[in-house]
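Below, chain A is the first sequence line, B the second, and so on; all start at residue 1. Reckoned from all heavy atoms, side chains included, excluding hydrogens, waters and symmetry mates. Quick caveat: nothing in here was measured; it's all calculated off a predicted structure.
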There are 2 protein chains.
Amino acid sequence: METSKRPGGRSARVRDAVRRATLAELSEHGMRGLTVENVAERSGVHKTTVYRRWGSVEGLIADALEMAQEEPWPIPDTGTIEEDLRGVARLVQSGFDDPELGPVSSAFVAAAMQSPEAARALHDFFEARHEQSAQVVRRAVDRGELPVTVDVREVIRVAVAPIYYRLFVAHEPVTERDADRAADAALAAARAGVL
Amino acid sequence: METSKRPGGRSARVRDAVRRATLAELSEHGMRGLTVENVAERSGVHKTTVYRRWGSVEGLIADALEMAQEEPWPIPDTGTIEEDLRGVARLVQSGFDDPELGPVSSAFVAAAMQSPEAARALHDFFEARHEQSAQVVRRAVDRGELPVTVDVREVIRVAVAPIYYRLFVAHEPVTERDADRAADAALAAARAGVL
DNA sequence: CTCCAATCGCAACTGACGTAGCTTTAGCTT
DNA sequence: AAGCTAAAGCTACGTCAGTTGCGATTGGAG
(Lines give C-alpha, C1' and ligand atoms only; values in the text may rest on other atoms or scores of the structure.)
Protein backbone atom coordinates (compact mmCIF):
# COMPACT_ATOMS: atom_id res chain seq x y z
CA MET A 1 0.00 0.00 0.00
CA GLU A 2 2.34 2.79 1.11
CA THR A 3 5.72 3.57 -0.32
CA SER A 4 7.13 0.29 -1.45
CA LYS A 5 10.62 -0.22 -2.64
CA ARG A 6 9.40 -0.41 -6.18
CA PRO A 7 6.76 2.19 -6.81
CA GLY A 8 7.04 2.49 -10.58
CA GLY A 9 6.11 0.39 -13.56
CA ARG A 10 4.25 -2.85 -13.23
CA SER A 11 3.49 -2.66 -9.53
CA ALA A 12 1.82 0.68 -10.04
CA ARG A 13 -0.19 -0.63 -12.97
CA VAL A 14 -1.32 -3.62 -10.95
CA ARG A 15 -2.30 -1.41 -8.06
CA ASP A 16 -4.37 0.91 -10.21
CA ALA A 17 -6.06 -1.94 -12.04
CA VAL A 18 -7.05 -3.59 -8.78
CA ARG A 19 -8.31 -0.37 -7.25
CA ARG A 20 -10.37 0.39 -10.30
CA ALA A 21 -11.81 -3.12 -10.33
CA THR A 22 -12.61 -2.91 -6.63
CA LEU A 23 -14.64 0.25 -7.05
CA ALA A 24 -16.42 -1.14 -10.10
CA GLU A 25 -17.33 -4.38 -8.37
CA LEU A 26 -18.38 -2.49 -5.28
CA SER A 27 -20.71 -0.21 -7.15
CA GLU A 28 -22.22 -3.08 -9.10
CA HIS A 29 -22.67 -5.74 -6.48
CA GLY A 30 -22.05 -3.90 -3.22
CA MET A 31 -20.20 -5.32 -0.26
CA ARG A 32 -21.93 -8.65 -0.45
CA GLY A 33 -20.87 -9.44 -3.98
CA LEU A 34 -17.31 -8.29 -3.51
CA THR A 35 -14.87 -11.15 -3.68
CA VAL A 36 -11.14 -11.23 -4.17
CA GLU A 37 -11.50 -13.56 -7.12
CA ASN A 38 -13.88 -11.29 -8.99
CA VAL A 39 -11.64 -8.31 -8.46
CA ALA A 40 -8.67 -10.36 -9.63
CA GLU A 41 -10.38 -11.51 -12.77
CA ARG A 42 -11.81 -8.12 -13.60
CA SER A 43 -8.49 -6.40 -13.13
CA GLY A 44 -6.56 -9.00 -15.05
CA VAL A 45 -4.28 -9.45 -12.07
CA HIS A 46 -3.75 -12.92 -10.72
CA LYS A 47 -5.67 -13.97 -7.64
CA THR A 48 -2.55 -14.81 -5.70
CA THR A 49 -1.12 -11.36 -6.24
CA VAL A 50 -4.21 -9.69 -4.85
CA TYR A 51 -4.14 -11.91 -1.79
CA ARG A 52 -0.49 -11.16 -1.25
CA ARG A 53 -0.72 -7.40 -1.50
CA TRP A 54 -4.17 -6.74 -0.05
CA GLY A 55 -4.70 -9.80 2.08
CA SER A 56 -8.47 -9.94 1.84
CA VAL A 57 -11.63 -8.16 0.81
CA GLU A 58 -11.26 -5.88 3.82
CA GLY A 59 -7.82 -4.87 2.66
CA LEU A 60 -9.16 -3.95 -0.74
CA ILE A 61 -11.80 -1.79 0.85
CA ALA A 62 -9.40 -0.12 3.24
CA ASP A 63 -7.22 0.76 0.29
CA ALA A 64 -10.13 2.11 -1.70
CA LEU A 65 -11.15 4.16 1.32
CA GLU A 66 -7.78 5.84 1.58
CA MET A 67 -8.18 6.79 -2.06
CA ALA A 68 -11.63 8.20 -1.47
CA GLN A 69 -10.31 10.29 1.37
CA GLU A 70 -8.21 12.32 -1.04
CA GLU A 71 -11.21 13.59 -2.95
CA PRO A 72 -12.57 16.79 -1.44
CA TRP A 73 -16.28 17.38 -1.38
CA PRO A 74 -18.31 20.44 -2.29
CA ILE A 75 -19.13 22.11 1.02
CA PRO A 76 -21.88 24.66 0.55
CA ASP A 77 -21.37 28.35 1.28
CA THR A 78 -24.71 30.07 0.97
CA GLY A 79 -24.16 32.75 3.56
CA THR A 80 -26.49 31.43 6.22
CA ILE A 81 -25.85 28.58 8.62
CA GLU A 82 -29.36 27.23 8.09
CA GLU A 83 -28.83 26.56 4.43
CA ASP A 84 -25.21 25.50 4.78
CA LEU A 85 -25.99 22.85 7.39
CA ARG A 86 -28.93 21.60 5.40
CA GLY A 87 -26.66 21.46 2.39
CA VAL A 88 -24.19 19.24 4.21
CA ALA A 89 -26.95 16.92 5.40
CA ARG A 90 -28.40 16.71 1.92
CA LEU A 91 -25.00 15.95 0.50
CA VAL A 92 -24.83 12.92 2.76
CA GLN A 93 -28.37 11.82 2.03
CA SER A 94 -28.11 12.19 -1.74
CA GLY A 95 -24.74 10.47 -1.73
CA PHE A 96 -26.28 7.27 -0.42
CA ASP A 97 -29.24 7.69 -2.70
CA ASP A 98 -27.01 7.82 -5.76
CA PRO A 99 -27.07 4.47 -7.59
CA GLU A 100 -23.39 4.80 -8.36
CA LEU A 101 -21.92 6.06 -5.09
CA GLY A 102 -24.49 4.61 -2.73
CA PRO A 103 -23.41 0.98 -2.82
CA VAL A 104 -19.76 1.94 -2.55
CA SER A 105 -20.30 4.13 0.49
CA SER A 106 -22.51 1.56 2.12
CA ALA A 107 -19.87 -1.06 1.51
CA PHE A 108 -17.33 1.10 3.30
CA VAL A 109 -19.51 1.33 6.37
CA ALA A 110 -20.29 -2.37 6.28
CA ALA A 111 -16.66 -3.35 5.87
CA ALA A 112 -15.59 -1.19 8.78
CA MET A 113 -17.88 -3.17 11.05
CA GLN A 114 -16.06 -6.36 10.24
CA SER A 115 -12.46 -5.44 9.92
CA PRO A 116 -10.42 -3.31 12.31
CA GLU A 117 -8.30 -2.31 9.36
CA ALA A 118 -11.26 -0.87 7.47
CA ALA A 119 -12.56 0.64 10.71
CA ARG A 120 -9.39 2.63 11.15
CA ALA A 121 -9.48 3.77 7.55
CA LEU A 122 -13.10 4.84 7.89
CA HIS A 123 -12.34 6.64 11.13
CA ASP A 124 -9.66 8.66 9.40
CA PHE A 125 -12.00 9.29 6.52
CA PHE A 126 -14.63 10.79 8.77
CA GLU A 127 -12.06 12.70 10.72
CA ALA A 128 -11.21 14.46 7.47
CA ARG A 129 -14.84 14.90 6.48
CA HIS A 130 -15.78 16.39 9.82
CA GLU A 131 -12.90 18.78 9.62
CA GLN A 132 -13.99 19.97 6.18
CA SER A 133 -17.67 20.19 7.04
CA ALA A 134 -17.03 22.02 10.28
CA GLN A 135 -16.00 24.92 8.12
CA VAL A 136 -19.62 25.93 7.63
CA VAL A 137 -20.07 26.08 11.39
CA ARG A 138 -16.91 28.09 11.87
CA ARG A 139 -18.09 30.63 9.36
CA ALA A 140 -21.37 30.92 11.24
CA VAL A 141 -19.48 31.56 14.47
CA ASP A 142 -17.43 34.23 12.71
CA ARG A 143 -20.61 35.88 11.49
CA GLY A 144 -21.93 35.86 15.02
CA GLU A 145 -24.74 33.44 14.25
CA LEU A 146 -23.57 30.95 16.83
CA PRO A 147 -21.86 31.25 20.20
CA VAL A 148 -18.06 30.97 20.12
CA THR A 149 -18.22 28.18 22.68
CA VAL A 150 -19.83 25.80 20.19
CA ASP A 151 -18.12 22.49 19.39
CA VAL A 152 -18.00 22.84 15.61
CA ARG A 153 -17.40 19.15 14.88
CA GLU A 154 -20.13 18.02 17.22
CA VAL A 155 -22.63 20.15 15.35
CA ILE A 156 -21.73 18.28 12.17
CA ARG A 157 -21.98 14.92 13.92
CA VAL A 158 -25.42 15.67 15.29
CA ALA A 159 -26.54 17.01 11.93
CA VAL A 160 -25.62 13.90 9.97
CA ALA A 161 -25.99 11.19 12.62
CA PRO A 162 -29.75 10.67 12.17
CA ILE A 163 -29.24 10.02 8.48
CA TYR A 164 -26.71 7.28 9.11
CA TYR A 165 -28.80 5.97 11.96
CA ARG A 166 -31.80 5.53 9.73
CA LEU A 167 -29.80 3.98 6.94
CA PHE A 168 -27.57 1.57 8.76
CA VAL A 169 -29.10 0.93 12.15
CA ALA A 170 -32.87 1.27 12.07
CA HIS A 171 -33.03 0.53 8.34
CA GLU A 172 -35.65 3.14 7.64
CA PRO A 173 -35.87 5.13 4.42
CA VAL A 174 -34.32 8.61 4.42
CA THR A 175 -35.87 11.51 2.58
CA GLU A 176 -34.52 14.95 1.84
CA ARG A 177 -36.90 16.25 4.45
CA ASP A 178 -35.35 13.97 7.04
CA ALA A 179 -31.95 15.39 6.20
CA ASP A 180 -33.23 18.94 6.60
CA ARG A 181 -34.82 18.12 9.89
CA ALA A 182 -31.62 16.60 11.23
CA ALA A 183 -29.70 19.70 10.23
CA ASP A 184 -32.31 21.95 11.82
CA ALA A 185 -32.19 19.97 15.03
CA ALA A 186 -28.43 20.27 15.25
CA LEU A 187 -28.67 23.98 14.64
CA ALA A 188 -31.33 24.47 17.30
CA ALA A 189 -29.17 22.60 19.80
CA ALA A 190 -26.14 24.66 18.87
CA ARG A 191 -28.10 27.88 19.33
CA ALA A 192 -29.39 26.67 22.69
CA GLY A 193 -25.78 26.25 23.74
CA VAL A 194 -25.83 22.51 24.42
CA LEU A 195 -23.24 21.63 21.75
CA MET B 1 -39.31 -19.55 13.54
CA GLU B 2 -43.07 -19.58 13.56
CA THR B 3 -45.57 -22.09 14.86
CA SER B 4 -44.58 -25.47 13.51
CA LYS B 5 -46.81 -28.50 13.50
CA ARG B 6 -44.84 -29.95 16.32
CA PRO B 7 -44.00 -27.29 18.82
CA GLY B 8 -43.34 -29.40 21.86
CA GLY B 9 -40.60 -31.72 23.01
CA ARG B 10 -37.46 -32.22 21.03
CA SER B 11 -37.99 -29.50 18.47
CA ALA B 12 -38.36 -26.95 21.21
CA ARG B 13 -35.27 -28.22 22.96
CA VAL B 14 -33.27 -28.03 19.78
CA ARG B 15 -34.48 -24.52 19.11
CA ASP B 16 -33.54 -23.33 22.57
CA ALA B 17 -30.15 -25.00 22.48
CA VAL B 18 -29.33 -23.41 19.15
CA ARG B 19 -30.51 -19.99 20.22
CA ARG B 20 -28.48 -20.19 23.38
CA ALA B 21 -25.42 -21.30 21.47
CA THR B 22 -25.89 -18.51 18.95
CA LEU B 23 -25.92 -15.86 21.65
CA ALA B 24 -22.94 -17.40 23.40
CA GLU B 25 -20.88 -17.57 20.22
CA LEU B 26 -21.92 -14.08 19.31
CA SER B 27 -20.86 -12.64 22.62
CA GLU B 28 -17.55 -14.48 22.54
CA HIS B 29 -16.43 -14.09 18.96
CA GLY B 30 -18.80 -11.48 17.58
CA MET B 31 -20.27 -11.52 14.14
CA ARG B 32 -17.01 -12.45 12.48
CA GLY B 33 -16.48 -15.66 14.40
CA LEU B 34 -20.05 -16.84 14.09
CA THR B 35 -20.40 -19.94 11.95
CA VAL B 36 -23.14 -22.50 11.59
CA GLU B 37 -20.77 -25.30 12.43
CA ASN B 38 -19.62 -23.74 15.68
CA VAL B 39 -23.18 -23.13 16.76
CA ALA B 40 -24.08 -26.69 15.83
CA GLU B 41 -21.24 -28.18 17.80
CA ARG B 42 -21.75 -25.96 20.81
CA SER B 43 -25.45 -26.68 20.95
CA GLY B 44 -25.00 -30.40 20.45
CA VAL B 45 -27.39 -30.21 17.50
CA HIS B 46 -26.30 -31.65 14.22
CA LYS B 47 -25.03 -29.30 11.55
CA THR B 48 -27.57 -30.35 8.93
CA THR B 49 -30.41 -29.67 11.31
CA VAL B 50 -29.29 -26.13 11.84
CA TYR B 51 -28.99 -25.60 8.11
CA ARG B 52 -32.44 -27.02 7.56
CA ARG B 53 -34.21 -24.90 10.12
CA TRP B 54 -32.23 -21.67 10.02
CA GLY B 55 -30.70 -21.77 6.59
CA SER B 56 -27.58 -19.75 7.35
CA VAL B 57 -25.80 -17.53 9.82
CA GLU B 58 -28.14 -14.69 8.89
CA GLY B 59 -31.10 -16.84 9.79
CA LEU B 60 -29.61 -17.57 13.18
CA ILE B 61 -29.14 -13.91 13.83
CA ALA B 62 -32.58 -12.95 12.63
CA ASP B 63 -34.03 -15.53 14.99
CA ALA B 64 -31.93 -14.29 17.90
CA LEU B 65 -33.08 -10.78 17.12
CA GLU B 66 -36.73 -11.70 17.28
CA MET B 67 -36.04 -13.18 20.68
CA ALA B 68 -34.29 -10.05 21.86
CA GLN B 69 -37.27 -8.03 20.76
CA GLU B 70 -39.46 -9.72 23.34
CA GLU B 71 -37.39 -8.51 26.24
CA PRO B 72 -38.61 -5.15 27.47
CA TRP B 73 -36.10 -2.65 28.63
CA PRO B 74 -36.10 -0.45 31.71
CA ILE B 75 -37.25 2.92 30.48
CA PRO B 76 -36.54 5.59 33.08
CA ASP B 77 -39.28 7.63 34.72
CA THR B 78 -37.63 10.29 36.83
CA GLY B 79 -40.30 12.94 36.46
CA THR B 80 -38.37 15.29 34.20
CA ILE B 81 -37.77 14.93 30.50
CA GLU B 82 -34.13 15.99 30.86
CA GLU B 83 -33.25 13.05 33.05
CA ASP B 84 -35.50 10.59 31.26
CA LEU B 85 -33.97 11.31 27.85
CA ARG B 86 -30.48 11.15 29.25
CA GLY B 87 -31.42 7.88 30.84
CA VAL B 88 -32.47 6.41 27.52
CA ALA B 89 -29.28 7.59 25.85
CA ARG B 90 -27.18 6.17 28.65
CA LEU B 91 -29.00 2.88 28.40
CA VAL B 92 -27.91 2.63 24.79
CA GLN B 93 -24.37 3.69 25.50
CA SER B 94 -23.86 1.38 28.45
CA GLY B 95 -25.44 -1.49 26.54
CA PHE B 96 -22.70 -1.40 23.95
CA ASP B 97 -20.11 -0.87 26.62
CA ASP B 98 -21.16 -4.04 28.42
CA PRO B 99 -18.68 -6.83 27.68
CA GLU B 100 -21.53 -9.34 27.56
CA LEU B 101 -24.21 -7.52 25.57
CA GLY B 102 -21.96 -5.25 23.54
CA PRO B 103 -20.63 -7.80 21.07
CA VAL B 104 -24.06 -9.31 20.60
CA SER B 105 -25.70 -5.99 19.85
CA SER B 106 -22.89 -5.01 17.55
CA ALA B 107 -23.23 -8.28 15.73
CA PHE B 108 -26.89 -7.56 15.15
CA VAL B 109 -26.12 -4.24 13.55
CA ALA B 110 -23.34 -5.75 11.48
CA ALA B 111 -25.47 -8.63 10.31
CA ALA B 112 -28.27 -6.34 9.24
CA MET B 113 -25.91 -4.62 6.86
CA GLN B 114 -25.26 -7.85 5.03
CA SER B 115 -28.51 -9.68 5.00
CA PRO B 116 -31.91 -8.28 4.06
CA GLU B 117 -33.46 -10.81 6.41
CA ALA B 118 -31.52 -9.53 9.39
CA ALA B 119 -32.17 -5.97 8.23
CA ARG B 120 -35.89 -6.50 8.40
CA ALA B 121 -35.60 -8.10 11.81
CA LEU B 122 -33.50 -5.23 13.09
CA HIS B 123 -35.92 -2.72 11.64
CA ASP B 124 -38.76 -4.32 13.56
CA PHE B 125 -36.61 -4.42 16.64
CA PHE B 126 -35.99 -0.68 16.54
CA GLU B 127 -39.59 -0.01 15.68
CA ALA B 128 -40.47 -1.63 18.99
CA ARG B 129 -37.68 0.09 20.87
CA HIS B 130 -38.65 3.50 19.55
CA GLU B 131 -42.23 2.89 20.51
CA GLN B 132 -41.23 2.01 24.06
CA SER B 133 -38.73 4.82 24.44
CA ALA B 134 -41.10 7.40 23.03
CA GLN B 135 -43.07 6.94 26.20
CA VAL B 136 -40.75 9.28 28.06
CA VAL B 137 -41.42 11.97 25.48
CA ARG B 138 -45.16 11.44 25.61
CA ARG B 139 -45.12 11.86 29.34
CA ALA B 140 -43.24 15.13 28.92
CA VAL B 141 -45.86 16.34 26.47
CA ASP B 142 -48.58 15.39 28.95
CA ARG B 143 -46.79 17.36 31.63
CA GLY B 144 -46.63 20.32 29.31
CA GLU B 145 -42.85 20.29 29.06
CA LEU B 146 -42.91 19.92 25.29
CA PRO B 147 -45.25 21.17 22.57
CA VAL B 148 -48.00 18.75 21.54
CA THR B 149 -46.85 18.98 17.93
CA VAL B 150 -43.60 17.17 18.70
CA ASP B 151 -42.76 13.96 16.81
CA VAL B 152 -42.15 11.72 19.79
CA ARG B 153 -40.26 9.03 17.90
CA GLU B 154 -38.06 11.49 16.11
CA VAL B 155 -36.94 12.90 19.44
CA ILE B 156 -35.75 9.45 20.40
CA ARG B 157 -33.99 8.96 17.08
CA VAL B 158 -32.13 12.23 17.36
CA ALA B 159 -31.24 11.47 20.95
CA VAL B 160 -29.64 8.12 20.24
CA ALA B 161 -28.40 8.59 16.68
CA PRO B 162 -25.10 10.26 17.59
CA ILE B 163 -24.21 7.32 19.80
CA TYR B 164 -24.71 4.81 17.01
CA TYR B 165 -23.02 7.15 14.58
CA ARG B 166 -19.90 7.30 16.71
CA LEU B 167 -19.86 3.58 17.32
CA PHE B 168 -20.60 2.16 13.89
CA VAL B 169 -19.86 4.86 11.37
CA ALA B 170 -17.16 7.21 12.56
CA HIS B 171 -15.69 4.57 14.90
CA GLU B 172 -15.03 7.01 17.68
CA PRO B 173 -15.23 6.16 21.38
CA VAL B 174 -18.47 7.03 23.16
CA THR B 175 -18.53 8.30 26.72
CA GLU B 176 -21.42 8.83 29.07
CA ARG B 177 -20.98 12.52 28.54
CA ASP B 178 -21.46 12.03 24.81
CA ALA B 179 -24.71 10.26 25.51
CA ASP B 180 -25.91 13.07 27.73
CA ARG B 181 -25.01 15.64 25.16
CA ALA B 182 -26.90 13.81 22.44
CA ALA B 183 -29.97 13.66 24.66
CA ASP B 184 -29.66 17.33 25.52
CA ALA B 185 -29.38 18.25 21.86
CA ALA B 186 -32.52 16.33 20.96
CA LEU B 187 -34.37 17.99 23.80
CA ALA B 188 -33.23 21.47 22.76
CA ALA B 189 -34.41 20.80 19.23
CA ALA B 190 -37.74 19.49 20.46
CA ARG B 191 -38.24 22.57 22.61
CA ALA B 192 -37.35 24.80 19.67
CA GLY B 193 -40.13 23.11 17.76
CA VAL B 194 -38.08 21.62 14.94
CA LEU B 195 -38.90 18.01 15.77
C1' DC C 1 24.27 -3.57 -20.52
C1' DT C 2 24.04 -6.82 -16.95
C1' DC C 3 22.64 -8.67 -12.98
C1' DC C 4 19.77 -9.24 -8.92
C1' DA C 5 16.06 -8.71 -6.01
C1' DA C 6 11.26 -7.67 -5.78
C1' DT C 7 7.07 -8.82 -7.60
C1' DC C 8 3.91 -11.38 -10.30
C1' DG C 9 1.86 -15.70 -12.56
C1' DC C 10 0.75 -20.38 -12.20
C1' DA C 11 -1.04 -24.81 -10.64
C1' DA C 12 -1.82 -27.78 -7.11
C1' DC C 13 -3.43 -28.21 -2.54
C1' DT C 14 -6.10 -27.50 1.97
C1' DG C 15 -9.96 -27.05 4.56
C1' DA C 16 -14.30 -25.28 5.67
C1' DC C 17 -18.96 -24.44 4.13
C1' DG C 18 -23.01 -26.12 2.50
C1' DT C 19 -25.93 -30.01 0.24
C1' DA C 20 -28.12 -34.63 -0.73
C1' DG C 21 -29.86 -39.10 0.30
C1' DC C 22 -30.85 -42.08 3.62
C1' DT C 23 -31.59 -43.91 8.42
C1' DT C 24 -33.11 -43.30 13.06
C1' DT C 25 -35.60 -41.13 16.81
C1' DA C 26 -39.42 -39.40 19.21
C1' DG C 27 -43.96 -36.77 19.46
C1' DC C 28 -48.56 -37.11 18.55
C1' DT C 29 -52.84 -39.61 17.33
C1' DT C 30 -56.27 -43.14 17.99
C1' DA D 1 -49.70 -49.14 23.65
C1' DA D 2 -48.80 -49.20 18.93
C1' DG D 3 -48.08 -47.14 14.74
C1' DC D 4 -47.48 -43.01 11.79
C1' DT D 5 -44.83 -39.28 10.42
C1' DA D 6 -42.39 -34.93 11.28
C1' DA D 7 -38.07 -33.84 12.53
C1' DA D 8 -33.27 -34.87 13.83
C1' DG D 9 -29.04 -37.56 13.01
C1' DC D 10 -25.53 -39.33 10.01
C1' DT D 11 -22.19 -40.09 5.99
C1' DA D 12 -20.43 -38.67 1.92
C1' DC D 13 -19.67 -35.53 -1.40
C1' DG D 14 -19.23 -31.04 -4.26
C1' DT D 15 -17.64 -26.46 -4.28
C1' DC D 16 -14.94 -22.55 -3.56
C1' DA D 17 -12.24 -19.13 -0.84
C1' DG D 18 -7.69 -18.83 0.53
C1' DT D 19 -2.66 -20.83 0.80
C1' DT D 20 1.79 -22.55 -0.67
C1' DG D 21 5.95 -23.40 -3.35
C1' DC D 22 8.22 -22.59 -7.36
C1' DG D 23 9.38 -20.70 -11.67
C1' DA D 24 8.93 -16.54 -14.78
C1' DT D 25 9.11 -11.34 -15.32
C1' DT D 26 10.37 -6.96 -14.64
C1' DG D 27 12.26 -2.77 -12.82
C1' DG D 28 16.17 -0.46 -11.25
C1' DA D 29 21.06 -0.14 -9.49
C1' DG D 30 25.80 -0.27 -10.74
### Query
Partners of B:Phe96 by ring pair (Phe, Tyr, Trp, His ring centres under 6.0 Å), sequence neighbours excluded?
B:Tyr164, B:Phe168
#### Entry: Salt-bridge criterion met for B:Arg166 and A:Glu154 (N-O under 4.0 Å)
yes
### Query
Between A:Arg138 and A:Gln135, is any side-chain donor less than 3.5 angstrom from a side-chain acceptor?
yes
### Query
Tell me, do B:Asp124 and B:Leu65 make a side-chain contact under 4.5 Å, heavy atoms counted?
no
### Task
Could you tell me whether B:Arg53 and B:Asp63 make a salt bridge, using a distance below 4.0 angstrom between a side-chain N and a carboxylate O?
no
#### Entry: Whole-Å distance separating the CZ atom of B:Arg15 from the C1' atom of D:dA8
15 Å
### Message
Salt bridge check, A:Glu172 against B:Arg153: does any charged N sit closer than 4.0 Å to a carboxylate O?
### Response
no
### Query
Does the side chain of B:Ser94 come under 3.5 Å of the side chain of B:Asp97 through a donor N or O and an acceptor N or O?
no
### Rounded interatomic separation in angstrom, taking CH2 from B:Trp54 and P from D:dA7
12 Å
### Task
Ignoring backbone atoms, test whether B:Arg13 places a side-chain nitrogen or oxygen under 4.0 Å from the OP1 or OP2 oxygen of C:dG27.
yes
### Message
Treating primed atoms plus P, OP1 and OP2 as sugar-phosphate and everything else as base, which nucleotides of nucleotides 12-25 of chain C get B, S or - for protein heavy atoms under 4.0 Å?
### Response
-----BBBB----B
### Query
Does B:Arg120 CZ have over 12 foreign heavy atoms under 6.0 Å away?
no
### Query
To the nearest 10 degrees, what angle separates the axes at the start and end of the helix from C:dC1-D:dG30 to C:dT30-D:dA1, five pairs each?
30°
### Query
Are any of B:Ser11's side-chain N or O atoms less than 4.0 Å away from OP1 or OP2 of D:dA7?
no
### Query
Is the shortest side-chain N/O distance from B:His46 to OP1 or OP2 of D:dA8 below 4.0 Å?
no
